[in-house]
Peer 1: 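Encoded as structure tokens, here's the structure I'll be asking about.
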Amino acid sequence: MKKFDIDVTVCGPPTMIPPYLEDLGVNVEYRLDKAVADKDVIMLLRIQKERGGVMYIPSTKEYALLYSLREEHLQKAKPDVIIMHPGPMNRGIEISDAVADGPYSVILDQVENGVAVRMAILFLLLGGEGEK
């Protein structure tokens, strides 16, 4: 993204952010309200509980209190902000229902397109050929 002159900011608890990101030109912010300020796009990621993701946070309740994207955060972003999440979402932990289902969310489109892209890649990797 930096090669395309996109300003990238990551936000999360210090235990979940790699220490070298700032060296790559990425802004690091630990407060969600500051991280979303004046942003065009907000992309959330899922806490992967099944892969031990919760061991990096004191509790999911505390994480949700500090890092769950809620409507009040959107007031600080640009008026036409786009909300993305690759799915599946941990509703109430990473994102509130109101934001996930709100007018700025493109999450369902993102998930649907992700399935189509993965299917196309697998098709080509397995020797499939497109129309000639």
Peer 1: Would you indicate whether the side-chain heavy atoms of E62 and I57 approach each other to under 4.5 Å?
Peer 2: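 SC-SC contact between I57 and E62 ruled out.
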Peer 1: Do R118 and V115 come within less than 4.5 Å of each other through their side chains, counting heavy atoms only?
Peer 2: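 Contact flag for R118/V115 side chains = yes.
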Peer 1: Does D33 pair with R31 as a salt bridge, N-O distance under 4.0 Å?
Peer 2: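 R31 and D33: salt-bridged.
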Peer 1: Determine, using the 4.5 Å side-chain heavy-atom cutoff (strictly less than), whether V117 and L108 are members of one ILVMFWY cluster.
Peer 2: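 Per the 4.5 Å side-chain linkage, V117 and L108 are not co-clustered.
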Peer 1: Just how far is it from atom CD of E71 to atom OH of Y104, taken to the nearest 0.5 Å?
Peer 2: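 So the gap between those two atoms works out to 9.5 Å.
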Peer 1: What's the spacing between D40 CG and D80 CG if we round to 0.5 Å?
Peer 2: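 Those atoms lie 7.0 Å apart.
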Peer 1: So which atom in V99 and which in S105 form the shortest heavy-atom distance, rounded to 0.1 Å?
Peer 2: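 It is O-CB, 3.6 Å.
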Peer 1: State, with a plain yes or no, whether a side-chain heavy atom of V106 is found less than 4.5 Å away from one of I83.
Peer 2: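 Heavy-atom side-chain distance check fails, nothing below 4.5 Å.
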Peer 1: Can you measure from CG (L69) to CG (L32) and round to the nearest 0.5 angstrom?
Peer 2: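 Reported to 0.5 Å precision, the distance equals 6.0 Å.
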Peer 1: Answer yes or no: is there a side-chain heavy-atom contact under 4.5 Å between R46 and P88?
Peer 2: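 The answer is yes; the side chains approach within 4.5 Å.
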Peer 1: Would you name the heavy atoms of A100 and M89 that are closest together and state the gap between them?
Peer 2: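 Answer, listing the atom of A100 first, then M89: CB-SD, 3.8 Å.
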Peer 1: Side chains of I42 and M84: closer than 4.5 Å at any heavy-atom pair?
Peer 2: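 When only atoms from C-beta onward are counted, M84 and I42 do not touch, as no gap falls below 4.5 Å.
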Peer 1: Nearest 0.5 Å, what's the NZ-CD distance between K34 and E29?
Peer 2: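 Going from the NZ atom of K34 to the CD atom of E29 covers 5.5 Å.
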Peer 1: Check the surroundings of atom CG in L66: do more than 12 heavy atoms from other residues, nucleotides or ligands lie under 6.0 Å from it?
Peer 2: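 Yes, the 6.0 Å shell around CG holds more than 12 heavy atoms from other groups.
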Peer 1: Does the side chain of E94 come under 3.5 Å of the side chain of H85 through a donor N or O and an acceptor N or O?
Peer 2: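 Yes, H85 and E94 have a side-chain donor paired with an acceptor closer than 3.5 Å.
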Peer 1: Between atom OG1 of T9 and atom CE of M43, what is the distance when rounded to the nearest 0.5 Å?
Peer 2: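 One gets 14.5 Å once the value is rounded to the nearest 0.5 Å.
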Peer 1: With a 4.5 Å cut-off on side-chain heavy-atom distances among I, L, V, M, F, W and Y, is there a chain of contacts connecting I17 to L45?
Peer 2: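 No, no single cluster joins them.
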Peer 1: Tell me, do P13 and Y67 make a side-chain contact under 4.5 Å, heavy atoms counted?
Peer 2: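 When only atoms from C-beta onward are counted, Y67 and P13 do touch, with a gap below 4.5 Å.
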Peer 1: State whether the number of non-hydrogen atoms from other residues, nucleotides or ligands found under 6.0 Å of K39 atom NZ is greater than 12.
Peer 2: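 Yes.
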Peer 1: Applying the 4.5 Å side-chain criterion to the ILVMFWY set and letting contacts propagate, would I93 and Y30 be lumped into a single cluster?
Peer 2: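 The answer is yes; both residues are in one hydrophobic cluster.
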Peer 1: Could you check whether any side-chain heavy atom of V8 comes within less than 4.5 Å of a side-chain heavy atom of L24, counting everything from C-beta outward?
Peer 2: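 They are not in side-chain contact.
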Peer 1: Side chains of D38 and K76: does their closest heavy-atom pair fall under 4.5 Å?
Peer 2: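 D38 does not reach K76 side chain to side chain.
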Peer 1: Write down the atom of S68, the atom of S96, and the distance for their closest heavy-atom approach.
Peer 2: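 Scanning both residues completely, I find the closest heavy atoms to be OG-N, 3.8 Å.
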Peer 1: Evaluate the criterion side chain to side chain contact (heavy atoms under 4.5 Å, CB included) for residue pair N27 and V10; output intermediate values, then yes/no.
Peer 2: CA-CA 6 Å; N27 303 310; V10 298; over 6 Å; no
Peer 1: What is the distance from atom CG of D109 to atom CD1 of I82, rounded to the nearest 0.5 Å?
Peer 2: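 Answer for the CG-CD1 pair, D109 versus I82, is 10.5 Å.
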Peer 1: Should D101 and R91 be marked as a salt bridge (charged side-chain N to carboxylate O under 4.0 Å, His left out) after you check the CA-CA gap, both sets of side-chain angles, and the distance that decides it?
Peer 2: CA-CA 10 Å; D101 300 326; R91 287 174 177 260; 2.9 Å; yes
Peer 1: Tell me whether V41 is reachable from F4 by hopping between hydrophobic residues (I, L, V, M, F, W, Y) whose side-chain heavy atoms are closer than 4.5 Å.
Peer 2: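 Different clusters.
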